[in-house]
Asks: 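Got a structure here, written out as structure tokens. Questions coming.
No hydrogens, no waters, no symmetry mates; every other heavy atom, side chains included, goes into these values. As the structure is a prediction and not an experimental result, all values here were calculated from the model.
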Protein chains: 2
Amino acid sequence: MAKSIRPAPLHVTLAVVFQVRERALQVLMWQRGRDPDKGRWALPGGYLDQGETLEQSIRRQLAAKVDVRELAHLEQLETRSEPERNPRGWELATAYLGLVPSDVDPAVPADTAWHPVDPVPPAAFDHGEIVGAGLRRLRAKLSYTNIGFALAPDVFTLSELRTIYVAALGREVSATNLQRVLLRRGVLERTGSKRDPGRTGGRPAELFRFRAPRLEVTDQFAVLRPPRRELRSATR
Amino acid sequence: MAKSIRPAPLHVTLAVVFQVRERALQVLMWQRGRDPDKGRWALPGGYLDQGETLEQSIRRQLAAKVDVRELAHLEQLETRSEPERNPRGWELATAYLGLVPSDVDPAVPADTAWHPVDPVPPAAFDHGEIVGAGLRRLRAKLSYTNIGFALAPDVFTLSELRTIYVAALGREVSATNLQRVLLRRGVLERTGSKRDPGRTGGRPAELFRFRAPRLEVTDQFAVLRPPRRELRSATR
DNA sequence: GCAAAAGTGTTGTGTCTACACCCATGT
DNA sequence: ACATGGGTGTAGACACAACACTTTTGC
């Protein structure tokens, strides 16, 4: 068979793992101890093993290297193939987007840390561009899907959710309108219970939760909508 | 170096190439002459060569196999990795979405043909799912980007454009509203000239063209829009 | 009572669909 | 004249941002 003589590239999986921490969107990276790009920050990941899928591979890398089993969402981002992307040799990389809810604090190895994403930290190889791609994907999906569930705790007040959206989108979001948009779409639901106000007082906040724990498109036909008849029978 | 002993999967690139032909969205496939999956239809593509990028690879495959240089748009779709996806052995596949304007008719080899996409033809391997992914991507982008430029001729009447959107979306679209939506967004512009009516008469149709020949997001903030102040300064 | 925090009422705006109507041509 | 295909006017639906206002607590 010709298979054994055909050259094949090495293949790695990488993950852009985001979490909202201290009111900022942060990305998990580790500091390279060796050349090339020694001292720069790299995305977690590693080589694909024989017989595993890309998703199994990135889950394995994340579980082994950074004890992140709290991954609430994981989706494929893109596959990079520039021959010069790794100076050591030909290597393809398939990147994933991972999201961790804001109420957990995974233990990470000594060389690994969370970095605010606003200025992307000096990154190894093409990892800075990959972080940018993850950021664009996350921000887009925040407006037309329920992806917020993967960044938020199980239950939360609306001002907590607002903090998360502000951090992730990098701009102001009003709690008033956030509530109405997400409730109307059926993305959020009220739990019925309330949170005790602090010693500073104030009206007790209602607790909400996301209705579905999986990604759903909530605003499928933002524009160029199908005729109303179809909408009513198919979507409603 | 450890590189030479690490097992790496073979890597192929595939393309879902769509064109609107005879008022239907069709996909380019070739019929396999050998097992596995002999007689079933497969997407064009082939093995990645050393030192080339995925995009170079799929462009080479398309140019060599099916003389499609009229590709008006090409974007990466997804990378598939299920170990059993090719029974002959471990093989990853990176799929691309390609679009051909409706006014050209590329010459294709004898084993290759266009297939209406409504029932996806009996496909080899996981190619049916890949066609589905391409279809979803195209349909979504038709509503929030200018991607129609890649399916339409350089200039066209609105009823011609309507035919293309109807075929691609698989549902009714009114020419009236299509015109207004696309004109308002600045996606379309009038050429100033008109098309002669046939011998059947009728008011001569204005000719339009897409303003930009590259993909642009035209409806970035479909929902959860940023505050008006930011919109005015940044977008307008 | 008053400050603080949360939630609701309401208005205005922009963008879309739907449909009636008007326009320009060939026969 | 009138059939035919193309374009416009306009009303209504809807979802959103903005902001004033009300509710509920602690002190």
Asks: Would you say the side chain of B/Pro197 lies within less than 4.5 Å of the side chain of B/Pro204, judging by non-hydrogen atoms?
Replies: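 With C-beta onward as the side chain, the pair touches.
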
Asks: Choose from D/dG7, D/dG6, C/dC16 the nucleotide whose nearest atom is closest to any side-chain atom of B/Leu158.
Replies: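 Nearest listed nucleotide: D/dG7.
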
Asks: What's A/Thr176 touching, base or sugar-phosphate or nothing? Going by heavy atoms closer than 4.0 Å.
Replies: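 If one applies the 4.0 Å heavy-atom cut-off, A/Thr176 turns out to touch a base.
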
Asks: Given that B/Ser174 and A/Phe208 both sit by DNA chain C, which one's nearest nucleotide is further toward the 5' end?
Replies: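 Of the two residues, A/Phe208 wins.
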
Asks: With the side chain of A/Val181 defined as its heavy atoms from C-beta on, choose the nearest nucleotide among D/dC16, C/dT17, C/dG7.
Replies: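 Per side-chain heavy atoms of A/Val181, the pick is D/dC16.
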
Asks: Tell me whether the side-chain N/O atoms of B/Arg185 come closer than 4.0 Å to OP1 or OP2 in C/dC16.
Replies: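 The answer is yes; a side-chain N or O of B/Arg185 sits under 4.0 Å from OP1 or OP2.
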
Asks: Measure the distance from CG on B/Leu207 to C1' on D/dG7 and round it to the nearest whole Å.
Replies: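 Result: 14 Å.
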
Asks: Could you state the atom-to-atom distance from NZ of B/Lys194 to P of C/dT25 in whole Å?
Replies: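 Answer to the nearest Å: 7 Å.
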
Asks: Can you pull every protein N or O that's under 3.5 Å from an N or O on nucleotides 2-4 of chain D?
Replies:
unit_1: D/dT4; atom_1: O2; unit_2: B/Gly202; atom_2: N; d: 3.1

Asks: Can you list the residues that meet the side chain to side chain contact (heavy atoms under 4.5 Å, CB included) rule with A/Thr191, with sequence neighbours excluded?
Replies: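 Partners of A/Thr191 under the side chain to side chain contact (heavy atoms under 4.5 Å, CB included) test: A/Val155, A/Ser193, A/Leu207, A/Arg209.
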
Asks: Can you tell me if A/Arg195 touches the phosphate of D/dT25, counting only side-chain N or O atoms and a distance under 4.0 Å to OP1 or OP2?
Replies: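 For A/Arg195, the contact criterion (side-chain N or O under 4.0 Å from OP1 or OP2 of D/dT25) is not met.
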
Asks: Does D/dA15 have its OP1 or OP2 closer than 4.0 Å to a side-chain nitrogen or oxygen of A/Arg180?
Replies: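 False: A/Arg180 side-chain N/O out of range (4.0 Å or more) of D/dA15 OP1/OP2.
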
Asks: Does the side chain of A/Arg199 get closer than 4.0 angstrom to OP1 or OP2 of C/dA5 through an N or O atom?
Replies: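 It does not, given that no N or O in the side chain of A/Arg199 lies less than 4.0 Å from OP1 or OP2 of C/dA5.
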
Asks: When you compare the side chain of A/His127 with that of A/Arg40, does any pair of heavy atoms fall below 4.5 Å?
Replies: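 No, their side chains stay 4.5 Å or more apart.
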
Asks: For D/dG6, does OP1 or OP2 lie under 4.0 Å from any side-chain N or O of B/Gln179?
Replies: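 Answer no for this pair, as no side-chain N or O of B/Gln179 is under 4.0 Å from OP1 or OP2.
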
Asks: Quick one: side chain to side chain contact (heavy atoms under 4.5 Å, CB included) partners of A/Gln61, sequence neighbours excluded?
Replies: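 Partners of A/Gln61 by the side chain to side chain contact (heavy atoms under 4.5 Å, CB included) criterion, ordered by chain and then number, come out as A/Thr13, A/Ser57, A/Ile58.
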
Asks: So B/Leu25 and B/Leu135, do their side chains get closer than 4.5 Å, heavy atoms only?
Replies: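 B/Leu135 reaches B/Leu25 side chain to side chain.
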
Asks: Which of these passes side chain to side chain contact (heavy atoms under 4.5 Å, CB included) with A/Leu99: A/Val20, A/Val17, A/Ile147, A/Leu74?
Replies: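 So the option named by the test is A/Ile147.
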
